[in-house]
Trainee: 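Take a look at the following structure, please.
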Amino acid sequence: MFDDEDGFLAPGLKPPLANTSAPRDLEPTTSEQLLLKWQEERLQRRLQNDYESQMFRLSELVNTNLKLGLRIRAIRVEGANHTRDSFLSTIIEPILRSENVTIPSGISDTQPETLESVLHTTRRIADLLVQTDIFSSVNPTLVKSRDPLATDKDVDVVFKCKERGRMFLQTATEIGNNEGTARLTARLRNVFGGAEKFEATLSYGSFTRQAFSANLTAPLTPDLRTVGSLAAYANDRDLSSYASCKEVLKGAKATIRTTTSLFGSHEFAYDAVLRQLTDFAPNASISIRESAGFSSKSSISHTFIRDTRDIPAAPNQGSYVKLFQELAGLGGDASFLKFEAESQVITRLGLGQRLSLSARGGILHSLIPSGDTLFNDRFQLGGPFSLRSFKTNALGPRDGNDSLGGEIYWAVGASLLGDLPRKAHWPVKTHLFVNAGRLDIRNPQSSLTQTIHASLSKPSVSAGVGIMYHLNPIRVELNFAFPLIAARSDGLQRGFQAGVGIDFL
Amino acid sequence: MAGRVPMPEALKMLYSQFPLRYTAAILPPPLNASSSAPVLWIAPPLATSKYLSTDVECLKWQAYIALRGLKDINIRWDIYSSGGIDGRLPCLWIPPLDSERQLSRGELLGARTIPGWADEIQGEHVWNTESEGYIDENARDESRAWVALLEGVVHAALLIHQSTPSPLSAWLYSPSPALSHMSATLCPPPAPMTGYNSVIPCQGTNIQALSLHQRYQEAISALSERLGTDKWFLGSSGPTPLDALIFAYLHIALHPQVKNMERARTEITHHVNLVAWERKVRFIVQGAFKAVFS
């Protein structure tokens, strides 16, 4: 059956990893309870050692037979009752092709098949089956092929799988920020038998805030790295903290997301959305009232993200790059070109200190002759996540209490994060930072270079200290900071400022 | 408020030191349609109806301003109704004084405060007297009854002819249903559709369209009869606030936006004096405004 049959059938005698023949020393004699416990521990120890010994022998057996000639005659996935055969073929066949496995005609000419290649193929297929998120368990086994034409070297790879529950329904009630929210989430897994996922969420808040989204996601490529999704959404966003109104969004979005290990992830999206600014506060400014009503946006966008940080919310080392560009004007009222960039580098300095350098910026270019942009599309800046010691979204042009947003912005930050003395293992860290940035409206009379130069030459700057608590997956910050340089129109937050979120400067 | 802890003086002093330096304020972009004259924000007019809003409330105040003889008022219709005071139009934007242009972007008045503003601008005006421009106190009292009739039956009759939006349009634009307006307009309020002698809460509004149309017919006939061959309603020698109100309703009914309102239009066209009167006032109102856009 095997080339090296003797070596396979009669492995050399090897001692076990540990001596499992425990002597009867330390056997208690005073109490039955103690004796029972002693015997139980002894049994457990023996079983553990037996298991380790068997694993050792098995791995040795495999390792010594890696070059043994074997070929896959058939692949069977058992337990995939709600999964389409065509979908399984789509994801498995490319792996077989890449491994030069040809079924059922026999071994490929280019490379002989061995136990090693069969095991590699099996592992790759098992990994992919797990990635589909259809199965709760995937157990591969190699069995002798049941094909009547099969030779001694032919094996079948059988994946014994167990599908996850297809339906999931969850209700949740949350209370916080003086508001109660009730949420209903429904999820349907493997909808059409091809690892598609459908999720719908509906939530209501006590201040008539409501949100709805329905999202259908499906893998587009056999390696499952490219995923497409179709989403419909509607939500009310309360902007009253900086713009005396509410924004209602109703739209649909189609997305193709792809991930590659070396170059980060790419997302291409088409978004069609109807936006409404409504529910203006009695003291809303005239500028913001001019933006009232409906506007529509039809845009395509591309997002690139490369993230090597160990913990995104509270990183210790790594880097992060995000590039976003959007072109609006394929129908609808909004017509612009938007570009945003964001990056962060974190490095260890020793003695539990880490230095984080961050930068972000964006530019919004109107594509209509008048050069006007809509409030909904403009950037906002300021607050604990971008420029600390300034009120949330309170930088840039303002009319009364309303931040009107800007068309060009930049922000940079340097943070020194450190462990608490003698408490390096605590998730609480110290934080010393300097932030700078500015949000401007583009002057139609000035060139882009002049606008950028003017913006860079008059930054708003703040500095302070604080503590940071990593409560996975979010980060909580409490800072004591002051603005050092500010524009007269900026909204200031002197002293203490708290922030809860993920994406901090 | 009483529980608020006062900030220590030392901390206040520290806070006042920051920021260490101020740079110039970032100025907001200019308003989309700024003007040196007051601007009335109205709902959009029809392309065929020069400057006259398709919304009866806006048209009432357009006619009010024009018939009162206020000059140099501009209009704009590029702002959605939710941008107005209390989420409705019309609103009157008053430009800031020249000396305050750097600091202020003007003042926005709701419709209810327009008469007060007009009194302030015009000083002594016949509409600002006890008789409010009517020939006597009896005519003034009678005007109240006409106002109730117009804002009740006539308003509701015009609303009932409005077309119902499609389900998609209703979901996207969330318009307030005409029926709820009608419930608030009619006196006495209409009965509910269901729910009598039942533990289930009342549902819907039971509006008898035929009966409403009959009352509308009677109201139009009464208006025609009251106008007769007079120049203005209630025998006044000059226009009154009631004329502004009647013009708004007659104009909306005579220039329908939807086919459903054709029946309401026909009722008025049976009365030649009303049609001629509306035409005469229309020219006055149209001539009082000019559009302002940036």
Trainee: Taking all atoms of both residues into account, what is the closest heavy-atom pair of A/L277 and B/S82, and its distance?
Mentor: O-OG, 3.3 Å

Trainee: Taking atom types as modelled and ignoring hydrogens, do the side chains of A/S285 and B/R105 form a donor-acceptor contact shorter than 3.5 angstrom?
Mentor: no

Trainee: For the residue pair A/L274 and B/Y173, establish whether any side-chain heavy-atom pair is separated by less than 4.5 Å.
Mentor: yes

Trainee: Calculate, to the nearest 0.5 Å, the distance between atoms OH and CG belonging to B/Y15 and A/L492 respectively.
Mentor: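 If I round to the nearest 0.5 Å, the distance is 12.5 Å.
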
Trainee: Would you name the heavy atoms of B/L172 and A/F294 that are closest together and state the gap between them?
Mentor: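 What the structure gives for the nearest pair is O-CE2, 3.8 Å.
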
Trainee: Please check if the number of heavy atoms outside A/N401 that lie under 6.0 Å from its CG is greater than 12.
Mentor: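 Not more than 12 within 6.0 Å, no.
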
Trainee: Could you report the tightest heavy-atom contact between B/I26 and A/S489, atom names first, then the distance?
Mentor: N-OG, 2.9 Å

Trainee: A/L395 versus chain B, heavy atoms under 4.5 Å apart: side chain, backbone, both or neither?
Mentor: neither

Trainee: Identify the heavy atoms of B/P28 and A/L404 that sit nearest to each other, and give their distance.
Mentor: CB-CD1, 3.4 Å

Trainee: Under 4.5 Å between any side-chain heavy atoms of A/S287 and B/L31, yes or no?
Mentor: yes

Trainee: How about B/I79 and A/E290: do any of their side-chain heavy atoms sit closer than 4.5 Å?
Mentor: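 Yes, side chains in contact.
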
Trainee: Quick one: pull up CG in B/L14 and CZ in A/F482 and give me the separation to the nearest 0.5 Å.
Mentor: 4.0 Å

Trainee: Taking side chain as everything from C-beta outward and backbone as N, CA, C, O, which of these in A/I288 sits under 4.5 Å from a heavy atom of chain B? Side chain, backbone, both or neither.
Mentor: neither

Trainee: Is it true that atom CG of A/N443 has more than 12 heavy atoms of other residues, nucleotides or ligands lying nearer than 6.0 Å?
Mentor: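 More than 12 within 6.0 Å, yes.
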
Trainee: Heavy-atom distances under 4.5 Å only: say whether B/Q17 touches chain A with side chain, backbone, both or neither.
Mentor: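 Neither part.
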
Trainee: Using a cut-off of 6.0 Å, state whether more than 12 heavy atoms not belonging to B/D86 lie near its atom CG.
Mentor: no

Trainee: Mind listing the closest non-hydrogen atom pair of A/R494 and B/F18 along with its distance?
Mentor: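 Answer, listing the atom of A/R494 first, then B/F18: NE-O, 2.7 Å.
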
Trainee: Check for a donor-acceptor pair, side chain of A/R289 on one end and backbone N or O of B/G84 on the other, with a separation under 3.5 Å.
Mentor: yes

Trainee: Taking every heavy-atom pair that is under 4.5 Å apart, which of A/G495, A/P282, A/A486, A/P483 has the most such pairs with chain B?
Mentor: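 Greatest number of close heavy-atom pairs with chain B: A/A486.
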
Trainee: Does NE2 belonging to A/H453 count more than 12 external heavy atoms closer than 6.0 Å?
Mentor: no

Trainee: Please report the closest heavy-atom contact between B/G106 and A/I286, naming both atoms and the distance.
Mentor: O-CD1, 3.5 Å

